[in-house]
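This report refers to the structure that appears directly beneath it.
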Amino acid sequence: MRPDAADSRTVALADIEAAAARIADIVVRTPVISSPTLGDVAGHPVGLKLEGLQPTGSFKVRGAASRILAGSRPTGVVTASTGNHGRATAHVARQLGIPATVLVSDNVPAGKVAALRAMGCDLEVGGTSQAEALVRAQALADQHGLTVVHPFDDPLVVAGQGTIGLEVVEQVPETTTLLVPLSGGGLLAGILVAVEARRPDVRVVGVSMDGGAVMAASLVAGRPVDLDEVDSLADSLQGGIGLDNTNTWPIVRDLVDEVVLVDEDAIWAAMRFAFDEHRLVLEGGGAVGIAALLAGAVDVDGPVTIVCSGSNAEPDQVAALALAHPRPT
């Protein structure tokens, strides 16, 4: 950590603890299950933190609830998403009787678009990237007085995601390595702050796909960069971090121990493993931690916990998993 790192952070442990209290009635305290077969692979016990058991199928409900429930209740919310965050925002808004508008790009898979439509939100589909959708979301917020629920670069959202870190260190105190999916960094940043405060000895590793991993490329460059979105089984990890990122970038830059990338075959193998061994349906982005362990992309020297961040796999993927078919193309 750089000497001045703490001064640049917009999220502290107290913010995460406040978020935990704020969202307690909306989110699930998800379990950690043991994976003996992964333990054999790693040579150490391995636990899976099952965020796919949240009411919208991913961890994103934590950050959305934290943002929407902070302060006075908004009259309406708007967001841009690769699918899971939009679904989470729409769910929380519906629980509170608040109108929600969600913008997604043409890259968002059909199953996630259908799930959003079923939530009853005002849905707009179009454009080539999440970054474009975010610009449109801000314009709608300015025009109609809506509250923006950013998918990651917001201290309240980061604090909500950080509640996972609080739970992991309580549920699995023996953890020495924690594997966390990485995209815009909201999940990883929140967990990093929580774990550094509660268990600074735990090694936290971010995991992403090997195509279009913007945060990983930004860490190499030493500054936020843009990359084109690349088709991937880990579609929920697509999207940029924003060249003006002020929340997740500095936290990830200063606190993450390592970032590893996994390819599409490794991601599919992890999805297959989760289904075959545990009858768990994981979307690609939710399975990258398992992929990293199975592929030998990360070295471990003690008990491991893997955040399995979402279960919203596409129907053709679920069918292929059930029938032991090769991954859909």
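- Residues Leu187 and Pro181 have side chains in contact (heavy-atom distance under 4.5 Å, counting atoms from C-beta outward).
- Counted within 6.0 Å of CG on Asp257, heavy atoms from surrounding residues, nucleotides or ligands total more than 12; the atom is thus considered enclosed.
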(request) Assess whether side chain to side chain contact (heavy atoms under 4.5 Å, CB included) is satisfied between Glu264 and Ser232, documenting all intermediate values. (result) CA-CA 7 Å; Glu264 296 299 297; Ser232 174; 2.7 Å; yes
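- By the rule that hydrophobic residues join a cluster once side-chain heavy atoms approach within less than 4.5 Å of another member, Val288 and Val168 end up as members of separate clusters.
- Contact between Ser81 and Gly86 at its shortest, heavy atoms only, is OG-N, 2.8 Å.
- Between Glu132 and Ser105, every side-chain heavy-atom pair lies at or beyond the 4.5 Å cut-off.
- The side chain to side chain contact (heavy atoms under 4.5 Å, CB included) with Asp153 is formed by just one residue from the set Leu134, Thr10, Ile241, Thr246; it is Thr246.
- Following chains of ILVMFWY side-chain contacts shorter than 4.5 Å, one cannot reach Leu178 starting from Val172, and the two form parts of different hydrophobic clusters.
- Using a cut-off of 4.0 Å between Lys/Arg side-chain N and Asp/Glu carboxylate O, Arg203 and Asp301 are scored as not salt-bridged.
- Shortest non-hydrogen contact noted between Leu188 and Val180 is CD1-CB, 3.9 Å.
- Hydrophobic cluster membership is shared by Met271 and Leu53, with clusters built from Ile, Leu, Val, Met, Phe, Trp and Tyr side chains linked at under 4.5 angstrom.
- By the 6.0 Å contact criterion, CG on Asp231 is open, its count of non-hydrogen atoms from other residues, nucleotides or ligands being 12 or less.
- In summary, the side chains of Ser309 and Glu51 do not present any donor paired with an acceptor at a separation below 3.5 Å, with no hydrogens or angles considered.
- Counting only distance, with no hydrogens or angles, the side chain of Arg199 and the backbone of Glu196 share no donor-acceptor pair below 3.5 Å.
- Hydrophobic clustering places Leu293 together with Val205 (ILVMFWY residues linked when any side-chain heavy atoms are closer than 4.5 Å, directly or through intermediates).
- Two residues are said to be in side-chain contact when any heavy atoms from C-beta on lie closer than 4.5 Å; Leu103 and Val78 meet this criterion.
- Cluster membership for Val260 and Val304, using ILVMFWY side-chain heavy atoms within less than 4.5 angstrom, is shared.
- Applying the 6.0 Å contact sphere to CG of Asp201 captures more than 12 heavy atoms from other residues, nucleotides or ligands.
- Residue Val207 is tested with Val259, Leu261, Val262, Leu237 for a side chain to side chain contact (heavy atoms under 4.5 Å, CB included); the sole match is Val262.
- Contact check for Gln171 versus Arg29: side-chain heavy atoms found under the 4.5 Å cut-off.
- Under the salt bridge (Lys or Arg N to Asp or Glu O under 4.0 Å) criterion, Glu167 pairs with Lys49, Arg62, sequence neighbours left out.
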(message) Checking His44 against Thr176 for the side chain to side chain contact (heavy atoms under 4.5 Å, CB included) test, could you report, in this order, the C-alpha distance in whole Å, the side-chain angles of both residues, the deciding distance, and whether it holds?
(response) CA-CA 10 Å; His44 300 280; Thr176 61; over 6 Å; no
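- Leu321 is listed as a side-chain neighbour of Trp268, based on a closest heavy-atom distance under 4.5 Å.
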(message) If you apply the rule side chain to side chain contact (heavy atoms under 4.5 Å, CB included), what do you find for Val41 with Val46, and how did you get there?
(response) CA-CA 9 Å; Val41 171; Val46 176; over 6 Å; no
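- The main-chain N or O of Gly186 is never found under 3.5 Å from a side-chain atom of Asn247 such that the two would form a donor-acceptor pair.
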(message) Pair Val307, Phe59 - check side chain to side chain contact (heavy atoms under 4.5 Å, CB included), show working.
(response) CA-CA 9 Å; Val307 178; Phe59 75 96; 5.9 Å; no
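- The closest side-chain heavy-atom distance from Phe275 to Leu282 is not below 4.5 Å.
- Counting heavy atoms from C-beta outward, Ile26 and Leu69 have side chains that approach closer than 4.5 Å.
- At a threshold of 4.5 Å between non-hydrogen side-chain atoms, the residues Ile68 and Thr89 count as touching.
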